[in-house]
Amino acid sequence: MSQPFRRAAGGRIDRSRTLTFHFEGRAYEAHPGDTLSSALLANGVRVVARGPYTGRPRGTYGIGAEEPNAFVQVDSGPGEPMVRATQLEVYDGLVARSLAGKGSLGEEPDDSRYDKTWAHCDVLVVGAGPAGLAAAHAAGVTGARVILADERPEPGGDLLGGRAHLDGRPAMDWVTDLRARLAGLPEVRVLPRTTVTGAYDGNFLVAVQRRTEHLGPAAPAHVARQRLWHIRAGQVVLATGAHERPILFPDNDRPGVMLAAAAAGYAWRYGVLPGRRAVVAGAHDGALWAAVDLVDAGVELAAVLDARHLAGGQAHRALRDRGVVVAAGHGVVGTDADADGVLTAAWVAPVDGDGQARRIACDLLATSGGWNPAVHLYSQAGGRPRWSDDHAAFVPGDPLPAVACVGAAAGTFDLADALAEGAEAGWQAAAATHGGGGEEPLPPATDSVASAGAPAACWITARADSPPETIFVDLQRDATLRDVRRAVGAGMRASEHVKRFTTAGTAADQGRTTGVTTVGVLAGLLGLPVGAVGTTTYRPPYAPISFALLAGRDRGRLLDPERRTPMHERHEADGAVFENVGQWKRPWYYPAPGEDLDQAVLRECRAAREGVAMMDVSTLGKIDLRGPDVGEFLDRVYTNRFSTLRVGQCRYGVMCRADGMVFDDGVTARLAPDRYHMTTTTGNAAAVLDWLDEWLQTEWPDLRVSATSVTDQWAAVAVVGPGSREVLRRLAPSLDVSAEAFPFLTVRDATVAGIPARVFRISFTGELSYEINVPAWYGLALWDAVAEAGRPAGITPYGTETMHVLRAEKGFIVAGQDTDGTVTPHDAGLGWAVSTVKPFIGGRSLARPDTARNDRKRLVGLLPADPSVVLAEGAQLVVDADAPTPVPMLGHVTSSYRSAALGRSFALALVAGGLTHRGETLQAVDGGQAHPVVVTEPVFYDAEGARRDG
Amino acid sequence: MLSVPCPWCGPRDETEFRYGGQAHVAYPADPAACSDAEWAGYLFMRDNPKGWFAERWFHSAGCRRWFNAVRHTVTYEFAAVYAPFTQPPGVPS
Ligand SMILES: [Zn+2]
């Protein structure tokens, strides 16, 4: 018979439809509304997982987010490791298998869509149980913007399928009414299947919404499978409920042992009998009510045990009416199992003394040690839970601003009280953010239940001689009482330490069922009050979040913006290999057919040094500076002087941070008395603009200067090499390009190839060269025109690798490559650019004793003894690689290339003492190999600078 | 994620801002007149109180303006935001 444990009627399932799913390779039937756990129980499947270390069989233990055992690997759809079967909604075609400890990631990429969204609201209510529904309604009727998030498929919480009455009607009628009312409030948004996983500063909460997983293959492809919500809430109402905790006993891990309210929940919410003959063992009224629910569902009650010595109260009476007598002062001290390890009997004894144990045959052992308020989000938001003897639980401590805890999450377990508390909190929250309004709705009427007495803090029931390694404190980690005793024996006192030593509470279930129990056990071993030991810290996320969801659509090409110059398509057509420079795509080199990087770069370098070459330099940072005080401002920002620059001139400048370390460099031109054009390194453009803004706004607001990024507004082509003047002459016939009329370090406005252009005569290679700037939309036209004009001379496009070789041959540094935030201008060999007469940012630092030391690391050149060896950038420099460790390190290689002009390899390096080592041989160590290198001046080519005029 | 109350734009997510450290640490008018110790104090020494702290923020991905804020370093609560070169309004004790 199919689904032998399915009750004849009842439950929030659709019995008119039957679904087929597979578990461990076998086909089973279920109904819409089932979770994998309820469906497996309906089919009599008791073993769902194995202990990761013990291999012992484990069964479904809980009914929701607290589940420690029933984690499964889902193989259907995109597949997912470690899904709680208690929260996995069955769909037609679901395929899952059991796990022992951990799952595995799928081999195939997940092509499902994952989304992110941002939302603001006046009131966020977390949890749609009775208290949360009451809160959302009370807040919503004021007109406030309300978000109600709940992890279950439908609102209602523990009222779902339950037997409570509200306003004299079944509670589900009230839930249905309230849902309709919420749906009629335009500013209220209800998010089912949405788990709030993190509470961060300023009431910023993150939630995971599962949108289509429950549909299985029927999920529409255009709808995101999951959505990550970032919610900024004015007020937060935490109605997160409570998690049931067990009482521990020997062999408490057998399939058939289950939390009591979970067992009752299966019977009524899903219409599934979790067993046919039960022993119920508890230490609070809730366990007794669970027994009532089980017997009313048709489960035979073999025994009901209460660790407390109490009689009377409504639950006792209800059981007595059903012919069940509660065994007060009794608990479970062991279990028996069949050959499959599944529960067959419980051993029962008085909890005090060592009375005779009695064997009671059963296939369900429903245990409940009480309820732990779900204080996770309260704790994440900065709250500190406190131990309450009245609740025998940790409850929210001091209130937090703009956060309210209500209902079971606040330790308010009575339904009437929880409803009133929720409504009041929702009303107050709306008043605090939105102003409130309208009439406060009354919570529904319900009877309070007379309790038999306060819950007891009962952690373990066992005999004195019970082996501690059979008492599991963490089922998912297979951690036992013996492990906790060992931790204490090793001297540990803090719950954080015991958690790490035993791993109890560190598994995917985060110790939701037994975390507090572990604290209770620890307190018992230490002879301390539970409150003095305290809980471990609750950190986000409350429930695991997949990386696919965190990535959302920011994957592949959408991971990061890609910046392309206007000439990009031509570089692609020319076969360029690109490299990433920040977000820019820059041509790295342009291989001719059959060429590798080295061959291409040697050819490109030769063209630049011997003929003519061209490069796209559009990515250079460009800042337009305007105002009467720009010159003064630049004098303060640069180490050298710019106020004396004449219109039409440009100058190389170095910027330092206040600590005197090189920050950036570049060429800046004066275009008009009150207008300068600054260039920065490609990667530093935004940082330099920030730097200028910072000083202008926070130190020198009296300076009349405005700084605007124009990096993307200009495209630029560098024309480089002895043949560059001729190319420019052809392109700009009206421009006098003679060395006399257009000298080095000047700028000219000109018409180039018919395009209005700004031409700089500057050089980053040591060769005669021009950088032609045009408005960006002319960039491609300019590139093509330069290529055409240079064709007779064999103009050669080159990329960043060749640029680096050419500049390094000249000893030109790249800020950020040859400097690293610990290098002064003097260290970098740029002392010539540092004014000794005017103040500038960082200037005072250059006179500090540390920056004035002679043994600072300074820029030098290196020539490897073997001219074919290209040193690794970053290789350490030592005197003797075979010296006993620690080997004193003198510095490291910062730039290293093979040079066409030199016919050999060379490098730049930072070395302690700099050129005092000139002519010495050091060892460059990389990957365990030492290469002898000779220290030289950092200028390898055309030291006298004869080539820049062509 | 802090919600930073930019005085020009209103509350915005922290990711739009750059933190600027302690406020009211003026660049010395004449750095050359500073002793080494005074200059090192300007460069490296900042207060690190547990409690209310006047600090600088830059709305780098918004209005691109600097402002000062008084913020509690334990609760992260903002008590006030105010323009550079002005003194903090009354600060809770
Ligand atoms: Zn702003």
Side-chain angles (χ1 to χ4, degrees), chain A residues 118 120 198-206 230-234 381-383 398 400-403 540 636-637 656-661 686-687 689-702 706-709 836-852, chain B residues 1-5 8 10-46 55-68 71-78 82-86:
Chain A
W118 279 257
H120 294 258
Y200 303 88
D201 301 312
N203 269 355
F204 183 79
L205 292 96
V206 171
H230 305 81
I231 303 168
R232 181 78 71 178
D398 292 336
L400 296 172
V403 176
R636 300 185 194 182
V637 166
C656 291
R657 297 278 192 188
D659 62 6
M661 302 304 154
L689 184 66
D690 279 7
W691 181 245
L692 303 180
D693 270 334
E694 179 174 348
W695 287 91
L696 288 170
Q697 290 184 36
T698 70
E699 294 294 346
W700 303 319
D702 52 311
S706 71
T708 308
S709 168
T836 53
V837 291
K838 69 162 183 80
F840 57 89
I841 296 169
R844 174 65 184 82
S845 291
L846 299 181
R848 292 180 63 237
D850 185 61
T851 35
Chain B
M1 171 90 71
L2 298 180
S3 179
V4 181
W8 324 111
R12 293 289 186 276
D13 280 351
E14 184 185 347
T15 47
E16 294 184 11
F17 294 83
R18 225 189 74 200
Y19 184 64
Q22 184 174 0
H24 308 296
V25 182
Y27 185 66
D30 183 6
C34 292
S35 68
D36 282 341
E38 286 166 345
W39 184 249
Y42 164 74
L43 280 184
F44 304 123
M45 305 308 286
R46 293 294 183 272
E55 57 194 20
R56 307 187 313 154
W57 288 85
F58 177 45
H59 197 181
S60 53
C63 61
R64 291 197 61 79
R65 293 176 75 176
W66 283 87
F67 58 91
N68 293 334
R71 189 179 62 102
H72 199 279
T73 57
V74 177
T75 65
Y76 301 163
E77 182 190 348
F78 284 89
Y82 55 103
F85 305 104
T86 61

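Order of the sequence lines sets the chain letters (A, B, ...), proteins ahead of strands, with each chain counted from 1. Values below: every heavy atom of this structure, side chains too, minus hydrogens, waters and symmetry copies.
- The shortest side-chain heavy-atom distance between B:M1 and A:H230 does not fall under the 4.5 Å cut-off.
- At least one donor-acceptor pair under 3.5 Å links the side chain of A:R844 to the backbone N or O of B:C34.
- Here the CG atom belonging to B:L2 is positioned 13.5 Å from the OH atom belonging to A:Y200, to the nearest 0.5 angstrom.
- Side-chain atoms of A:E694 do not come within 3.5 Å of backbone N or O of B:F58 as any donor-acceptor pair.
- The most heavy-atom pairs under 4.5 Å with chain B, out of A:D690, A:D693, A:N203, A:V206, come from A:D690.
- Proximity to chain A (any heavy atom under 4.5 Å) is shown, for B:Y27, by both the backbone and the side chain.
- One distance of note links CG of B:N68 with OG1 of A:T698; it measures 9.0 Å at 0.5 Å rounding.
- With a threshold of 4.5 angstrom between heavy atoms, B:D13 approaches chain A through its backbone and through its side chain.
- No other option in A:S845, A:G382, A:P839, A:P701 has as many heavy-atom pairs under 4.5 Å with chain B as A:S845.
- Only the backbone of B:V25 has a heavy atom closer than 4.5 Å to any heavy atom of chain A.
- Contacts of B:F67 with chain A are absent, with no heavy-atom separation under 4.5 Å from either backbone or side chain.
- Per-residue counts of heavy-atom pairs under 4.5 Å with chain A were compared for B:E77, B:R64, B:R56; the largest is that of B:R64.
- Counting heavy-atom neighbours within 6.0 Å of B:Y76 OH, excluding the residue itself, gives a total of 12 or less.
- Contacts between B:P84 and chain A at a heavy-atom distance below 4.5 Å involve the side chain alone, from C-beta outward.
- Residue contact with chain A, scored on non-hydrogen atoms closer than 4.5 Å, involves the side chain of B:R18 exclusively.
- Within the 4.5 angstrom heavy-atom criterion, no atom of A:R657 approaches chain B.
- Heavy-atom distances place both the backbone and the side chain of B:W66 under 4.5 Å from chain A.
- For the pair B:W39 and A:A658, the tightest heavy-atom approach, listed with the atom from each and the gap, is CZ2-O, 3.7 Å.
- Residues A:R848 and B:L43 have side chains in contact (heavy-atom distance under 4.5 Å, counting atoms from C-beta outward).
- Looking at B:R65, the atoms closer than 4.5 Å to chain A (heavy atoms on both sides) sit in the backbone and in the side chain alike.
- Using a 4.5 Å cut-off between heavy atoms, B:Y42 touches chain A through its side chain atoms alone.
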